[in-house]
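When reading the values below, keep in mind they use all heavy atoms of this one structure, side chains included, and skip hydrogens, waters and symmetry mates. Proteins come first, then strands; the chains are lettered A, B, ... in the order of their sequence lines, and each starts at number 1.
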Protein chains: 2
Amino acid sequence: MENVTIRMLAERLQLSTATISKALNNSHEISEETKQRVLALAAELNYVPNPYASSLRKKASNTIAVVIPEVADSFFAEAINGIESVAQEKGYHVLIYLTHESFQKEQAILRDFQSGRVDGVLISVTTETAAAQHGLEQLVKEIPIVFFDRVCEEITAAKITTDDATAAYKATTHLIAGGCRQPVMLSASRHLSISNKRTEGFRQALADHQLPFTAASIIYCSNDTIATHELLKKAIQKEHYDGIIATTEKLATAVYEAAAALHLQIPHDLQVIGFSNLSTAKFLNPSLTTITQPAFDMGKAAAALLFKALKSSSFALPEQQEVIPSTLLIRNSTLAAAD
Amino acid sequence: MENVTIRMLAERLQLSTATISKALNNSHEISEETKQRVLALAAELNYVPNPYASSLRKKASNTIAVVIPEVADSFFAEAINGIESVAQEKGYHVLIYLTHESFQKEQAILRDFQSGRVDGVLISVTTETAAAQHGLEQLVKEIPIVFFDRVCEEITAAKITTDDATAAYKATTHLIAGGCRQPVMLSASRHLSISNKRTEGFRQALADHQLPFTAASIIYCSNDTIATHELLKKAIQKEHYDGIIATTEKLATAVYEAAAALHLQIPHDLQVIGFSNLSTAKFLNPSLTTITQPAFDMGKAAAALLFKALKSSSFALPEQQEVIPSTLLIRNSTLAAAD
DNA sequence: CTGAAAGCGCTAACAG
DNA sequence: CTGTTAGCGCTTTCAG
C-alpha cells in the first residue's frame, strides 16, 4: 500500500486539498461536520502527514537538536532525559549529535543547522571550543540556541548553568575542614568557562584559608583515559596531595583507580570530591562525596527556554540566563562532617 | 540575509537549477569546470542545502530513529554511542525517542514513522511490549527496522542480541560454585524475550546442579524504585536467599541498597551478580561481579545492519540475526574464583 | 465555509 | 554536457 496523501483524502471526499489540510489542522474556517468526515477518513486510511512536505512549506521542522560531547556520562544522559521530557510534551522531535570533544565536528554539525534542519538547538560545547573562531556568534543570531552547562562566556546567548564557582568553593572548604592542606583540582579544560569558574571558586577558597595556590594546584587532564591515569599517578606521588576535587565524573573514577594503584587509602591518605551525577556514588568504596549537578532540571530548563523562544518570536532569548544550584553530598571519601 | 538556494546560485552563474543540483551532487554528467565554479560560489555564499526539500523529493530523509526505554542507563547510553558513531560516519542524522517503558508511547512513536520521517529504525522495546497487539509486524514490512537487545521473539525481523541464556547460566553456575544454595533472579519483565532467556538459563543451571526452581526463584520487579526497594527487602527477609542475579543495572544497585538496609554483608550473607555496564562496578563496595553486555558493539552492529539494508534494497534484512556474547567479570560481590 | 492556484527547494526524467 | 519541465505533499493567500 502506498502512502496516503492529503490528495487522496480530498478525492475520496470530493473536497479540495486545501479544505482537507485546514480540517486536519483544526482550522476555525472549516465546518464541524466536514472536520469530522475528514478526520474519520484519515483515521480509517491510517493517514500520517508527511513531515518534510510540511516543513518545507512552513519553514519549521518541529525538531530541535541536542549537541553534546558524549552521552555515556550521567550528567549528559540525565540532561537528555530532561530535554526529551519537555520535547515530547510539546510534540517536538529531537536530533542528537555527539561531538566527542572535537571542535571540528562541532563546527560541522552547527554549520549544517543553517539549512533549517532544526528550529532550535541546545548545546554543551566541547573542551576545545573557543567561541571566537567559531561561527557561534553568528549562529546565535540566526537560530534560537540555548547553551547549557558548558557555555561560552564571550557570547551573549541564553544560558543555563549551575553555580560552578560556589560549588567549587564549597567543595574546597569542605576538604579543608577535613584537614586537607594540599588540595588539587583536576580540570578537564583550560578554555571552558565552567572549568574556569570552578578554578576560581577553588582559588578563592584557598585564599580565604591562607593556603597557597600554585602551579601544582591544578592539573589539566585530557580526554585520554590512559594518559590521565599515568598523569595522575605521577602527580600524586610527586606532590603528596592530600585532597582532590575531580571536576568530571570520569576524573572521579580515575582518582579511585590511581589511589588503588598507589595503595593510598581514601579518605585517610587522600580525600576525594567528585563533580558527578553517578547514581552509584553512594555505593562506591568508599562512598564518594559529590557535587551533584541538577542535570535533569538543567536539561528541562534549557528546553523550556528554547520552546518559549520558539513560541513567541519577540521573546528576547539571548538575554536569558538561569543558574540552578548544585548540591554537596557528603559521604565517606572526605573527612569533615556536614556543617 | 535570507537563505541561499540553488536557484540563486543558478542565476548568478547563468546556469539552470538542474545543472547546479547535479554539480553539487557531483554528478558525472557535469563538466569538471562547471562543478568547480558551482562549488566555489556555493562556498562563497555559504550555501547549505535544504534537507526537507531534498527529502521530500527523494523520499529519503538521511535520518534514522533510535527508540529506547531510557537513556540514563549505561547500556543504552553506550549503545547510542555505538549507533551514533556509525551514523555519523555514514552522514546520517539520528532522532532519539524515549518510551519510559510505556507501550503506548512506543506505539505512538512508531506510528509516526509511517510518515517517512526516518529511513530506518533501531529499537529496544519496552517491558510492556507484546508484539501481537502492536502494529509491529506490520511496521517491519514497511520500514527497515532492527531490534537490539530487547527484541520481540514472535516477530521475524533483524535482531542484535547478546547470549542471554548462556550468560545467565554462567552467572548462576558461578553463584553455585561459590556455595550458593538458594539463588534468586530479579527480572524486569514477564514478557521480554531477553528476560525469559535469562530465566531459562537460570532454570537450566539450577536443574543441572540439582537445585529446586520454585515460585520464589524469580522476583518480578517493576520500574518503580521505591516499590522495588520494599519488595526486595521483604523477599530477602522472608526467603533467606543467599545469592541474587539482578538482570538490570538499576536492580543491581537496588540490591546493594536493600542489603545495606537489612545489614547483610555482600558477599558473605548474600552474593550478587548484576547484568550491568556500569563503569564503576569495580569501585563499588564491594566491587560488583557483572555480566557485562557489549553495549557499544551491539549498537554499532545494529546500526551497521540497518545501513546495509538502506544501501541495498535487495538485502534481506528481516533474516539477519547476530548474537554478541556478554562476559562474566568476577569481582568481590561473589565468592567463587575464576575457573 | 470551501476551492483554485501558487509555490516551499530540490531532483529526476527527458530533450537537446 | 546543459536545460526544460514537472512534481514530491503540504500550506497559504485570495476568491468565491
Side-chain angles (χ1 to χ4, degrees), chain A residues 1-39 41-42 45-63 91 93 112-119, chain B residues 1-39 41-42 45-63 91 93 112-119:
Chain A
M1 138 198 142
E2 50 200 278
N3 272 326
V4 186
T5 70
I6 229 171
R7 209 167 79 203
M8 295 169 65
L9 300 182
E11 277 164 14
R12 296 255 297 207
L13 293 177
Q14 300 289 27
L15 289 170
S16 73
T17 59
T19 305
I20 303 289
S21 173
K22 287 174 189 162
L24 290 171
N25 290 297
N26 199 21
S27 159
H28 55 270
E29 43 177 320
I30 298 294
S31 75
E32 205 43 53
E33 194 210 325
T34 23
K35 273 187 195 169
Q36 291 314 323
R37 287 175 58 213
V38 171
L39 256 25
L41 185 63
L45 298 187
N46 195 21
Y47 167 76
V48 186
N50 181 315
Y52 297 128
S54 156
S55 291
L56 178 57
R57 185 63 234 248
K58 294 203 292 190
K59 290 177 175 306
S61 62
N62 253 255
T63 303
H93 299 261
D112 174 72
F113 293 160
Q114 298 186 318
S115 67
R117 185 182 299 279
V118 296
D119 298 340
Chain B
M1 141 195 140
E2 49 199 281
N3 271 328
V4 187
T5 72
I6 228 171
R7 207 165 84 204
M8 295 169 64
L9 300 182
E11 277 164 13
R12 296 255 298 207
L13 294 176
Q14 300 288 24
L15 290 170
S16 74
T17 60
T19 304
I20 304 289
S21 173
K22 288 174 190 161
L24 290 171
N25 291 296
N26 199 21
S27 159
H28 56 271
E29 44 177 318
I30 298 294
S31 75
E32 204 44 53
E33 194 209 326
T34 23
K35 273 187 197 169
Q36 290 316 323
R37 285 177 58 212
V38 172
L39 257 26
L41 185 63
L45 299 188
N46 196 22
Y47 167 76
V48 185
N50 181 315
Y52 297 127
S54 160
S55 291
L56 177 59
R57 185 63 234 244
K58 293 202 293 189
K59 292 178 174 305
S61 62
N62 254 257
T63 304
H93 299 261
D112 173 74
F113 293 161
Q114 298 186 321
S115 67
R117 187 183 297 278
V118 296
D119 298 340

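Between D/dG3 and B/S16, a contact under 4.0 Å exists linking OP1 or OP2 to a side-chain N or O. OP1 or OP2 of C/dT11 sits under 4.0 Å from a side-chain N or O of B/N25. Residue A/Y47 places at least one side-chain N or O closer than 4.0 Å to OP1 or OP2 of D/dC10.
For the pair B/Q36 CD and D/dC1 C1', the computed distance is 16 Å after rounding to whole Å. In this entry the distance linking NZ of B/K35 with P of D/dC1 reads 9 Å, nearest Å. Rounded to whole Å, atom P of D/dG9 lies 16 Å from atom CZ of B/R117. Note: CD (B/Q114) to P (D/dG9) measures 15 Å, nearest angstrom. Atom CD in A/E11 sits roughly 15 Å away from atom C1' in C/dG3 (whole-Å rounding). As a whole-Å value, the separation of A/I6 CD1 from D/dG7 P is 18 Å. Atom CG in A/L56 sits roughly 9 Å away from atom C1' in D/dC8 (whole-Å rounding). One interatomic measurement links the two molecules: CD1 of B/I20 to C1' of C/dC10, which rounds to 12 Å at whole-angstrom precision.
Between B/A53 and B/L15, the one whose closest nucleotide on DNA chain D sits nearer the 5' end is B/L15.
Counting heavy atoms from C-beta outward, A/N3 and A/V48 have side chains that stay 4.5 Å or more apart. Looking at B/Y52 and A/R117, their side chains come closer than 4.5 Å, going by heavy atoms from C-beta outward. Using a 4.5 Å cut-off on side-chain heavy atoms (C-beta onward), A/N25 and A/S21 make contact. The shortest side-chain heavy-atom distance between B/L13 and B/V38 falls under the 4.5 Å cut-off. Between A/I6 and A/Y47, the closest side-chain pair of non-hydrogen atoms falls below 4.5 Å. You'll find the side chain of A/L45 reaches within 4.5 Å of the side chain of A/R12, heavy atoms only. Two residues are said to be in side-chain contact when any heavy atoms from C-beta on lie closer than 4.5 Å; B/I30 and B/T19 meet this criterion.
For the helix from C/dC1-D/dG16 to C/dG16-D/dC1, the rotation axes defined at the first and last 5 base pairs enclose an angle of 40°, given to the nearest 10°.
For the 3.5 Å distance criterion, the side chains of A/S61 and A/D119 qualify, holding a donor opposite an acceptor.
Proximity of a side-chain donor or acceptor of A/T63 to a complementary backbone N or O of A/V118 within less than 3.5 Å is not detected. In this structure, A/K58 contributes its side chain and A/A53 its backbone to no donor-acceptor pair below 3.5 Å.
Side-chain proximity of B/N50 to the nucleotides D/dG3, D/dC10, C/dC10 is greatest for C/dC10. Of the candidates C/dT11, D/dG9, C/dT2, the closest approach to any side-chain atom of B/K59 belongs to D/dG9. Looking at the side chain of B/T5, the nearest of the listed nucleotides D/dT2, D/dC10, C/dC10 is C/dC10. Taking every side-chain heavy atom of A/T34 into account, C/dT2 is the closest of C/dT2, C/dC8, D/dT2.
When heavy atoms are screened at a 4.0 angstrom cut-off, B/E32 is found touching no nucleic acid atom at all. Nucleic acid contact for A/E33: none, since no nucleic acid atom lies under 4.0 Å from a heavy atom of the residue.
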Taking only N/O atoms, report every protein-nucleotides 12-16 of chain C pair under 3.5 Å with atom names and distance.
from	atom 1	to	atom 2	distance (Å)
C/dA12	O4'	B/R57	NH2	3.4

